[in-house]
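Each chain gets a letter, A, B and so on, in the order its sequence line appears, and its residues count up from 1. All figures in this text were calculated on a predicted structure; none of them were measured in a lab.
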2 protein chains.
Amino acid sequence: MTNIKDVAKLANVSVTTVSRVLNKHPYVSEEKREAVLDAVKKTNYHINRNAVNLSKGKTFLIGVVLPYSDHPYFGTLLKGIANAALEHNYKLVLIQTNYQKDKEKEAFIMLEQKQIDGLIICSRVSEWEVIEEYVIYGPIVLAEKNITEQVSSTYIDHYQAFYQALNHLYTNGYQSIGYCINRKNGVSSQQRERAYHDFLKEKQIPFDQNYIFDGYLNFEDGERVVQQLKQMKKPPAALIVTSDQVAAGIVTCCHNLGLQVPKDLAIIGFDNQPIAKYMGITTMEIPLSEMGENLFLQAITREKVSQKRVNVQLIERQTV
Amino acid sequence: MTNIKDVAKLANVSVTTVSRVLNKHPYVSEEKREAVLDAVKKTNYHINRNAVNLSKGKTFLIGVVLPYSDHPYFGTLLKGIANAALEHNYKLVLIQTNYQKDKEKEAFIMLEQKQIDGLIICSRVSEWEVIEEYVIYGPIVLAEKNITEQVSSTYIDHYQAFYQALNHLYTNGYQSIGYCINRKNGVSSQQRERAYHDFLKEKQIPFDQNYIFDGYLNFEDGERVVQQLKQMKKPPAALIVTSDQVAAGIVTCCHNLGLQVPKDLAIIGFDNQPIAKYMGITTMEIPLSEMGENLFLQAITREKVSQKRVNVQLIERQTV
DNA sequence: CTGAAAGCGCTAACAA
DNA sequence: TTGTTAGCGCTTTCAG
């Protein structure tokens with residue numbers, strides 16, 4: 001493999017000059033520039049990124065931590081991040097964790113070892129203390145509301161969004177409202193739970209533990225929800241479902257069983273995925289792609305941290 | 001940032017010894033080992049991957065080229081690759097192309113510039129000539145049948161799989177069979193087209209251009225297919241759909257419109273995604289996750305190339 | 001405008 | 001067992 005020295009020799013200049021030409025620095029005479037370019041061609045020279053990285057102390061690589069790469073929510077978020085990365089000449093290192101702490105840890109270690117310049121955490125199980133421990137090694141940005149001021153974030157106010165969804169149902173006459181999430185212990189779920197309890201208290205509606213459905217992520221999980229519902233003596237009249245995928249599954253299953261939506265069961269989804277539009281599901285739109293772009297931007301700015309709250313918008317369709 | 005030299009100084013040993021300890025090489029006395037480990041702790045030392053990479057000429061990074069990161073097909077494939085990568089201590093660099101040649105090109109350049117050790121191409125638009133041009137820079141592996149012997153591949157025989165699907169329909173009494181793909185010019189589509197034509201010829205069924213539906217990728221695209229179908233005077237009695245997502249969309253739409261599956265329209269999907277199981281869709285199972293794992297393995301072996309054909313299996317359910 | 005030389009941080013051949 | 005030292009390939013300061 002030919003290196004910068006070979007090129008310099010062939011072009012009869014110093015390596016410095018070659019470097020200048022390659023990096024389009026000024027102050028190089030036209031003839032030398034051409035000589036260099038010519039030598040580059042002749043030797044089939046290609047710069048070695050590792051050497052550049054070492055010398056510059058920068059890799060132009062951003063790590064992206066996410067639990068699953070095969071779910072539309074993260075897929076769309078990732079798309080936003082990827083598009084922004086492309087635009088800024090960065091590449092992404094994918095760290096799929098399946099929500100395992102040790103895999104998340106690996107991402108932090110990459111940052112520590114300078115293999116990546118920054119880290120985007122789309123969803124996590126690690127504690128805040130762990131994150132704080134690693135902020136000194138580079139920008140860490142989160143897709144959730146930050147607790148400390150040390151990290152940047154682009155987040156949704158899940159409390160507010162959930163409250164809004166509840167209110168919408170209530171305003172439309174629904175009193176017994178349940179909800180459906182993926183991870184009870186997830187950060188967002190906790191915010192939603194608070195909103196739920198506060199809402200019930202405000203409206204003086206009694207709490208029923210059975211109205212909370214935990215562990216539903218995909219389209220096909222919708223059926224399980226409906227099965228649960230059918231076995232209840234007093235099922236909720238409406239359901240907030242924190243993923244359009246699951247919402248779509250529920251609606252489909254209802255159709256199949258002859259249940260009427262929203263008459264028998266009202267549904268509000270989350271995300272506004274294409275499938276929600278297609279199936280006419282009322283949903284809380286989350287601008288995932290834009291969130292991804294902003295996350296990326298935050299990840300490449302070392303200087304200052306920032307927090308950005310993203311607005312969620314109710315999209316009314318036919319399931320409420 | 002402290003480096004190996006600082007550690008050596010503090011531990012009163014040479015950098016070599018430090019390196020040996022860090023890399024668990026033999027021939028280090030226990031006391032020196034401890035001294036080193038102690039110094040590492042005290043200085044909060046972390047190895048610099050870029051330096052290692054440069055020195056070793058290896059990055060433990062594999063590039064993954066795929067068009068969309070938000071489609072279950074690629075999501076599942078990616079999951080398989082990611083799991084294998086994890087197991088072998090590699091990380092993945094995601095290169096999302098949206099089927100743009102220049103973005104694919106960037107992946108090749110990364111290989112050329114030694115930023116990645118190998119490249120997995122899940123789907124492509126670049127010509128074979130381009131791939132051949134870059135094989136000298138490192139292992140390139142493809143998820144499709146290779147034309148030259150220079151690259152490794154893990155692939156499905158789309159011709160055979162498609163033929164099998166056609167036969168299954170035919171055996172079940174369907175004569176007018178159409179099919180639904182995403183990219184007419186994609187590599188796999190061309191194989192399917194050949195199979196289709198050969199099959200029609202064999203069974204002496206006349207060809208109808210309108211029976212080929214091109215440009216359908218997601219669940220919500222299913223509706224467009226059904227709309228097309230409805231406007232035809234003589235719609236096909238059965239449809240092979242090369243993505244379970246689209247198949248599910250079609251089935252759902254049929255339900256909504258009161259069309260009976262398979263009576264009015266028989267469907268065979270592809271992939272065997274969870275949604276196909278859930279909706280009882282007959283499908284050709286592709287072991288995507290296993291394919292991903294094998295692709296990864298091929299990507300990290302420099303020495304010899306290999307080709308692996310993966311078998312597709314018919315899963316009979318209720319849509320035929 | 002140009003080049004010499006000192007890094008960047010680590011590995012490994014070689015010598016001891 | 002251990003240390004010296006020469007790379008790995010590029011950037012950048014400094015002197016000219």
Side-chain angles (χ1 to χ4, degrees), chain A residues 1-40 43-61 109-117 137-138, chain B residues 1-40 43-61 109-117 137-138:
Chain A
M1 210 86 302
T2 119
N3 62 24
I4 200 174
K5 233 173 186 167
D6 303 328
V7 175
K9 205 171 293 169
L10 184 63
N12 249 311
V13 298
S14 70
V15 292
T16 314
T17 301
V18 176
S19 176
R20 287 206 182 94
V21 172
L22 260 29
N23 295 292
K24 303 192 199 307
H25 285 185
Y27 308 128
V28 181
S29 68
E30 195 49 41
E31 47 182 341
K32 297 226 171 195
R33 170 187 317 284
E34 276 168 18
V36 168
L37 260 21
D38 206 50
V40 165
T43 55
N44 189 32
Y45 166 79
H46 300 292
I47 201 167
N48 181 318
R49 280 296 150 201
N50 285 316
V52 178
N53 292 346
L54 175 58
S55 191
K56 291 203 171 173
K58 208 166 173 325
T59 64
F60 287 93
L61 248 31
I109 289 173
M110 286 187 79
L111 187 63
E112 185 178 78
Q113 300 187 345
K114 296 175 171 303
Q115 211 175 4
I116 52 180
D117 293 346
Y137 300 111
Chain B
M1 211 82 307
T2 118
N3 62 24
I4 202 172
K5 236 174 185 167
D6 302 327
V7 175
K9 206 172 292 169
L10 183 62
N12 250 311
V13 298
S14 71
V15 292
T16 313
T17 302
V18 177
S19 175
R20 286 206 182 96
V21 172
L22 261 31
N23 294 293
K24 303 193 199 306
H25 284 186
Y27 307 129
V28 182
S29 69
E30 196 49 42
E31 50 181 342
K32 297 230 171 193
R33 171 189 315 284
E34 275 168 18
V36 168
L37 259 21
D38 206 50
V40 165
T43 54
N44 190 30
Y45 167 79
H46 300 292
I47 201 168
N48 182 317
R49 280 296 149 203
N50 285 316
V52 178
N53 292 347
L54 176 58
S55 191
K56 290 204 171 174
K58 208 164 171 330
T59 63
F60 286 93
L61 249 31
I109 290 173
M110 286 186 79
L111 188 64
E112 184 177 78
Q113 300 187 345
K114 295 175 173 302
Q115 210 174 4
I116 52 179
D117 293 346
Y137 300 110

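- At the heavy-atom level, A/Asn53 lies nowhere under 4.0 Å from the strands shown.
- Taking all atoms of both residues into account, the shortest heavy-atom contact from A/Tyr27 to A/Arg20 is O-CD, 4.4 Å.
- Backbone-only contact: B/Ile47 has heavy atoms under 4.0 Å from sugar-phosphate atoms and none from a base.
- You'll find that the side chain of B/Ser55 is closest to C/dC10, out of C/dA12, C/dC10, D/dG9.
- For B/His25, the ring pair (Phe, Tyr, Trp, His ring centres under 6.0 Å) criterion is met by no residue, not counting sequence neighbours.
- More than 12 non-hydrogen atoms from other residues, nucleotides or ligands lie less than 6.0 angstrom from CD of A/Glu30.
- Contact detail for B/Asn48 and A/Lys114: the closest heavy-atom pair is ND2-CD, 3.3 Å.
- Taking atom CG of A/Asn48 as the reference point, atom C1' of D/dG9 lies 6 Å away to the nearest angstrom.
- Between D/dC8, D/dT2, C/dT11, one nucleotide has an atom nearer to the side chain of B/Leu54 than all others, and that is D/dC8.
- One can place NZ of A/Lys58 at 19 Å from P of D/dC10, the figure rounded to the nearest angstrom.
- The environment of NZ in B/Lys58 is crowded: more than 12 heavy-atom neighbours from other residues, nucleotides or ligands sit within 6.0 Å.
- A distance of 12.0 Å separates CG of B/Asn44 from CG of B/Asp6, quoted to the nearest 0.5 Å.
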For DNA chain D, what string of dots and brackets results from 5' to 3' when Watson-Crick and G-U pairs need both distances under 3.5 Å, crossing pairs get [ ], and pairs with another strand get |? ||||||||||||||||
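- Atom pair A/Tyr27:OH and C/dG3:P shows a separation of 17 Å (rounding to whole Å applied).
- If you check every strand for non-hydrogen atoms under 4.0 Å, A/Asn23 touches sugar and phosphate atoms only.
- In this structure, B/Asn12 atom CG and D/dG3 atom C1' are separated by 13 Å, rounded to whole Å.
- Base engagement by A/Ser19 is indicated by at least one non-hydrogen atom pair under 4.0 Å involving a base atom.
- Residues B/Val13 and A/Lys5 each lie close to DNA chain D; by heavy-atom proximity, the contact nearer the 5' end of the strand is made by B/Val13.
- Proximity of a side-chain donor or acceptor of B/Ser55 to a complementary backbone N or O of B/Ala51 within less than 3.5 Å is not detected.
- Paired with A/Thr59 under the rule side chain to side chain donor-acceptor pair (under 3.5 Å), one option of A/Asn50, A/Asn53, A/Asp117 passes, and it is A/Asp117.
- Around atom NZ of B/Lys9, no more than 12 heavy atoms belonging to other residues, nucleotides or ligands sit under 6.0 Å away.
- Between B/Arg49 atom CZ and C/dT11 atom C1' there is a gap of 12 Å when expressed in whole angstrom units.
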Dump the pairs, protein N or O against N or O of nucleotides 4-6 of chain D, anything under 3.5 Å, distances to one decimal.
residue	atom	partner	partner atom	Å
D/dT4	O4	B/Thr16	OG1	2.7

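- One atom, NZ of B/Lys56, and another, C1' of D/dC8, lie 13 Å apart when rounded to the nearest Å.
- Atoms CE (B/Met1) and P (C/dG9) sit 10 Å apart, rounded to a whole Å.
- Rounded to an integer number of Å, the gap from NZ of B/Lys9 to P of C/dC10 is 13 Å.
- Side-chain atoms of B/His46 and A/Glu112 form a donor-acceptor pair, as typed in the model, at a separation below 3.5 Å.
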